[in-house]
Amino acid sequence: MSGALVVALGVPTILLLLLSGLWADRRFAKFDELPAHYDFKGRPTRFASRRLMVWLTPFVFVSGLAITLLPMWLVPPEMQNGNPVTGAVLVCVVLLAGQGVILWLHDRWAKAQNG
């Protein structure tokens with residue numbers, strides 16, 4: 001049963017990450033480059049092409065999620081230490097929050113370019 005819950009958590013997270021890339025690609029379409037790195041104060045320090053920046057993070061996060069959730073799904077529960085659903089929830093929430101922070105920083109930068 002826990003394997004099905006891990007998949008039930010992973011699939012929507014993957015879809016949300018990919019949809020966030022699609023949203024970002026449309027939202028920042030007028031920019032050729034986006035910030036690739038921010039300092040501790042949230043100021044951009046390096047730039048890269050827009051396509052790379054809007055798709056790199058979702059694909060890295062999706063790959064990391066798949067690598068993390070695959071053993072939780074395939075290994076029998078009696079061989080796992082603890083409940084795999086707890087780990088799956090934690091990983092999904094952290095990756096979605098990370099993508100949210102990145103999009104928030106990009107959006108804040110884009111609004112500053114307009115004004």
Side-chain angles (χ1 to χ4, degrees):
M1 179 65 177
S2 64
L5 286 174
V6 168
V7 171
L9 289 167
V11 170
T13 303
I14 289 170
L15 289 174
L16 284 171
L17 287 168
L18 294 177
L19 284 173
S20 72
L22 184 63
W23 174 85
D25 197 25
R26 296 179 113 194
R27 165 68 175 92
F28 306 118
K30 67 180 179 179
F31 299 108
D32 292 331
E33 291 186 328
L34 288 175
H37 182 267
Y38 294 91
D39 64 11
F40 282 113
K41 293 183 179 181
R43 296 178 302 220
T45 58
R46 300 237 185 339
F47 288 83
S49 73
R50 174 180 50 88
R51 297 254 180 201
L52 176 68
M53 290 317 302
V54 299
W55 289 110
L56 179 65
T57 308
F59 280 121
V60 168
F61 283 0
V62 166
S63 299
L65 184 64
I67 290 169
T68 305
L69 295 185
L70 197 60
M72 292 180 188
W73 179 51
L74 295 177
V75 175
E78 59 273 4
M79 294 180 69
Q80 295 184 22
N81 229 354
N83 187 354
V85 175
T86 305
V89 167
L90 183 63
V91 169
C92 291
V93 167
V94 166
L95 291 178
L96 288 172
Q99 180 68 357
V101 168
I102 291 167
L103 291 176
W104 173 74
L105 285 168
H106 284 337
D107 194 52
R108 192 178 73 159
W109 172 83
K111 287 178 183 174
Q113 302 312 301
N114 294 336

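This is a predicted model, so every value here is computed, not measured. Below, each value reflects all heavy atoms present in this structure, side chains not excepted, and no hydrogens, waters or symmetry copies.
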#### Entry: Side-chain heavy atoms of L5 within contact of W73, under 4.5 Å
no
### Query
Tell me, do W23 and V54 make a side-chain contact under 4.5 Å, heavy atoms counted?
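Not touching, per the 4.5 Å side-chain cut-off.
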### Task
Check the surroundings of atom CG in D32: do more than 12 heavy atoms from other residues, nucleotides or ligands lie under 6.0 Å from it?
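Counting other residues, nucleotides and ligands, CG of D32 stays at 12 neighbours or fewer.
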#### Entry: Parallel, tilted or perpendicular, as decided by the 30° and 60° cut-offs, for the rings of Y38 and H106
tilted
#### Entry: Geometric class of the F31/W109 ring pair [parallel <30°, tilted 30-60°, perpendicular >60°]
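If you compare the ring of W109 with that of F31, the planes turn out tilted.
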### Task
Look at the side chain of R108 and the backbone N and O of G42, then say whether any donor-acceptor pair between them is shorter than 3.5 Å.
yes
### Query
Would you say the side-chain atoms of R46 pair up with the backbone N or O of H37, donor to acceptor, closer than 3.5 Å?
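Flag not set: sc R46 to bb H37 has no pair under 3.5 Å.
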#### Entry: NZ/NE/NH1/NH2 to OD/OE distance under 4.0 Å, D25 and R51
yes
Heavy-atom closest contact ([X] atom, [Y] atom, distance):
X   : Y   : answer
G87 : M72 : C-CE, 3.8 Å
A48 : A36 : CB-CB, 3.9 Å
P35 : F47 : N-CD2, 3.6 Å

#### Entry: Distance in Å, D107 CG paired with I102 CD1, rounded so as to fall on 0.5 Å steps
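Separation between the atoms: 13.5 Å.
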### L69 side, atom CG; C92 side, atom SG - distance, nearest 0.5 Å
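L69 atom CG to C92 atom SG measures 5.5 Å (nearest 0.5 Å).
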#### Entry: Qualifying residue for side chain to side chain contact (heavy atoms under 4.5 Å, CB included) with V11, from T13, I14, V7
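Looking at T13, I14, V7, the match for V11 under the side chain to side chain contact (heavy atoms under 4.5 Å, CB included) is V7.
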### Query
In the single-linkage hydrophobic clustering (I, L, V, M, F, W, Y; side-chain heavy atoms under 4.5 Å), do L90 and V60 co-cluster?
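No, because L90 and V60 fall into different hydrophobic clusters, even though each may have its own neighbours under 4.5 Å.
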### Query
Do V94 and W104 belong to the same hydrophobic cluster, where Ile, Leu, Val, Met, Phe, Trp and Tyr are linked whenever their side-chain heavy atoms lie under 4.5 Å apart, directly or via other members?
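No, V94 and W104 fall in different hydrophobic clusters.
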### Task
List in chain and number order the residues that pass side-chain contact (heavy atoms from CB on, under 4.5 Å) with L95, two or more places apart in sequence or in another chain; answer none if no residue qualifies.
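F61, L65, V91.
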